[in-house]
Amino acid sequence: MTTVSQPVSSSSKVLPRLLRAIGGGHADTRLMAMVGVLALIWLCANILTGGVFLSPRNLFNLSLQVSVVAIMASGMILVIVTRHIDLSVGSQVGFLGVLGGLVQSVWLPDSIHAWWIASLVMLGGGVFIGLIQGALVAYARIPSFVVTLGGLLFLRNAAYELNDGTTIAPLTETFQILGGGQNGVLGGPLSWLFAFVVAGLVVGSLVRKHRRKRRLGIQKALQASDYFSAAAWCTCAFGFVAIMNSYNKPSTDEPMGMAFPVLILIAATAAMTLVAKRHRFGRHVFAVGGDPQSARLTGINTQRVVLKVFALMGLLSGLASVVLTARLNAAASGAGTMMELYVIAAAVIGGTSLAGGAGTILGGCVGALIMQSLQSAMVLLGIPSPTQSMVLAGVLVLAVWIDTMWRERRLS
Amino acid sequence: MTTPLLEARNVNKAFGGVHAVENVSVSLMSGEVVALLGHNGAGKSTFIKMLSGVFPADSGQILIDGKAVDIRSPHDAQELGIETIHQTLALADNLDAVSNLFLGREQTDRFGFLDTEAMEHGARQTIERMRLRIPSLNASVRSMSGGQRQAVAIARALHFNARILIMDEPTAALGPEETKNVGLLIQELKRQGLGIFLISHDMHDVFQLSDRIMVMKSGRVVGSYPTKELTQDDALEMIILGRKPARFAAATA
Ligand SMILES: Nc1ncnc2c1ncn2[C@@H]1O[C@H](COP(=O)(O)OP(=O)(O)OP(=O)(O)O)[C@@H](O)[C@H]1O
Ligand SMILES: [Mg+2]
């Protein structure tokens, strides 16, 4: 709205201002650039695949694939922010999957409670793994690179040993719902309800922000950018639901709607964003990443912060493993192979600095979307799997290079 | 005689083979400014770090109000009313001024969620009261000048109503006007009854602000005298030669 009164001559400033507007006041141009790249990838992929890429069916599948990686990315971001790395997340997913499979098929074969007990065991197992790795990093002071490289090797083979390398399938029907199969979707009406709930929350937060600023005596309580970002979020919610609802269950005209994994992802992302930005723990995570020595001098227990970050990463790996195992309807020791690279790439592409101290959860989600979109497009184009991996490896290195240049320019 | 606010008795600290602090004893009264002088590497920072809980002393005793205390962490020190402006400032560069001011002591609701507004309000008040200059409370500290960063560290030390203030070269990066303000601030805090340890290489400041001067060399106390009784030459002699000035040495021998 402010642009209307401006003369046209400032056209060179329109883009930054627009970006700032969508970003909600603070110029998170980095994130906006990422969204731009994503849009470009989608457009190109859609043209190359003759419209298949942006079909509801493909976008539905994409939403399922993204969920697993993005759930873990939100944890990886905090790990990287504290200047560490977790290379074992892919193996964690495989190991915890087999564990969950065993609970359902061997230990509680006929119980109707098997699905949630298995899920809890997987989440708890993840936390346990995270605590051990975190303790080795924080208290035994072994570099996280080494600890989690060991974890990668150890857990993958432990997964194999756990069930002699045989795949456990099928799994409990209730458990499958968590993976977003035909029954694991919200359906049309509930999906719309979800969009309305999101819109309600967005408007609610806008109102709260307005009231708060008024109370502090700030005149122009809400800016154009606030309205823009609220509108953008609502558009995303309704647009997404509209697409998901236009994909019907096979040979019916019942809409699929949103899949459960996406709901789990949204809940995890929202919770992690709250933790990162609004909670004392998140504040300490960023302080430790920004300057570990200073954080210690101010009285932050930096070792415990690192321990908790790894435990949280384990919890999210467990959650991702639940979703992946349920979706595949099989617990295989090889599940999640190479996934650590996708997760790290998603975090880095989304603006998490490998130098520590900087990163956003939302950025990680966009990063995961970029990675999975590239892969999905290559699958649709019939590009062989080794070539896909080579391309993704290149993208990862490119992303780090762009990150380096970005920061150097910003700092100078 | 009144009980000292803080007293250290025969405090020691060694790093591997380096005896960084050796049998240091000192007392600090309420309303007193004790200046610590000494060469680079004399052990000044190491000594005050034991008071502020960065690491425990190897041996020796620390007493507050005459009672022996065990300072094992920065939180312990903070709870005893000891606030420190570290030589390195101890700021997280990637966070803003408000976050740094409350780092490790955030105001939260009972679930641990940050009360950003209350913290911003508190920070603003302290900064105004101290007449410090900080350009923006919400910009990351990284984007600030050395002096502005120092101002953030000073504000943090004074926000929580310290009884004992430790300033490890607090004015090293400040301009003349800001240095003068910190001097006024120290005098004001003195009047309020705080005890202050001041580490500084600036002789002029030290002689203007301190009540007592303690000189260290190679981890040991060379001597500790009321500022009134010393000349700058005496102090320099102690720092450089590591022995008491001739006239005092004769008196105590
Ligand atoms: N964490 C540490 N590990 C090992 N040695 C240390 C450590 N901290 C200090 N030292 C050593 O202890 C001695 C005293 O250092 P300290 O930092 O206390 O000196 P200082 O008097 O504060 O000097 P400056 O005026 O340069 O700040 C030095 O020899 C230093 O090398
Ligand atoms: Mg020092």
Side-chain angles (χ1 to χ4, degrees), chain A residues 25-28 78 80-83 208-209 211-218 270-271 273-305 308 351-360 407-408 410-412, chain B residues 45 48-49 52-55 71-79 82-96 98-121 124 138-143 149 152-153 156-157 160 166 168:
Chain A
H26 297 290
D28 195 347
L78 294 193
I80 297 178
V81 162
T82 55
R83 306 186 174 189
R208 242 181 312 131
K209 188 168 178 182
R211 288 214 186 112
R212 200 169 58 213
K213 294 216 165 174
R214 269 293 153 80
R215 214 169 48 231
L216 291 173
I218 294 167
T273 301
L274 273 181
V275 166
K277 285 198 170 162
R278 299 278 161 81
H279 197 271
R280 180 174 45 206
F281 172 67
R283 179 66 52 87
H284 291 181
V285 166
F286 278 85
V288 168
D291 191 333
Q293 196 56 30
S294 292
R296 220 170 65 81
L297 289 177
T298 60
I300 293 174
N301 188 335
T302 55
Q303 292 174 312
R304 201 183 314 159
V305 169
K308 283 186 191 168
T352 311
S353 163
L354 285 170
T360 62
R407 274 168 218 285
E408 273 169 6
R410 280 256 299 239
L411 289 177
S412 57
Chain B
S45 296
I48 59 100
K49 279 181 184 169
S52 53
V54 178
F55 36 59
I71 304 176
R72 316 218 110 255
S73 71
H75 276 313
D76 289 350
Q78 289 162 359
E79 238 144 68
I82 303 172
E83 290 290 335
T84 313
I85 300 162
H86 286 283
Q87 192 167 7
T88 55
L89 302 182
L91 300 174
D93 275 351
N94 54 336
L95 300 180
D96 63 12
V98 180
S99 309
N100 268 293
L101 210 147
F102 286 90
L103 204 52
R105 289 181 273 187
E106 290 81 6
Q107 294 182 8
T108 63
D109 65 13
R110 75 196 127 117
F111 304 108
F113 286 99
L114 303 166
D115 189 344
T116 331
E117 277 161 49
M119 288 194 279
E120 186 162 341
H121 183 70
R124 209 172 284 284
N138 305 110
S140 77
V141 172
R142 179 180 292 130
S143 63
R149 293 158 50 86
V152 175
R156 172 166 69 193
F160 297 94
I166 299 171
D168 195 346

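These numbers come from a predicted model, not from an experiment.
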Pick one of side chain, backbone, both or neither for [X], based on which atoms fall under 4.5 Å of a heavy atom in chain A.
X	answer
B:S73	neither
B:F111	backbone
B:Q78	side chain

Tell me, out of [options], who's got the most heavy-atom pairs with chain B below 4.5 Å.
options	answer
A:R283, A:H284, A:K277	A:R283
A:L274, A:T298, A:V275	A:T298
A:D291, A:V288, A:L297	A:L297

Short side-chain to backbone donor-acceptor contact, [X] and [Y], under 3.5 Å:
X	Y	result
B:D93	B:V141	no
B:D76	B:G53	no
A:R83	A:G289	yes

| For the residue pair A:V81 and A:A358, what are the closest heavy atoms and their distance? |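 Closest pair (atom of A:V81, atom of A:A358, distance): CG2-O, 3.8 Å.
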
| request: Name the member of B:G112, B:S99, B:G104 that forms the most heavy-atom pairs with chain A at distances under 4.5 Å. | output: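 Of B:G112, B:S99, B:G104, B:G112 has the most heavy-atom pairs under 4.5 Å with chain A.
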
| field | B:V152: which of B:V98, B:L89, B:D96, B:L91 passes side chain to side chain contact (heavy atoms under 4.5 Å, CB included) | value |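 Single pass found, and it is B:L91.
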
| field | Sidechain N-carboxylate O distance under 4.0 Å for B:K49, B:D168 | value | no

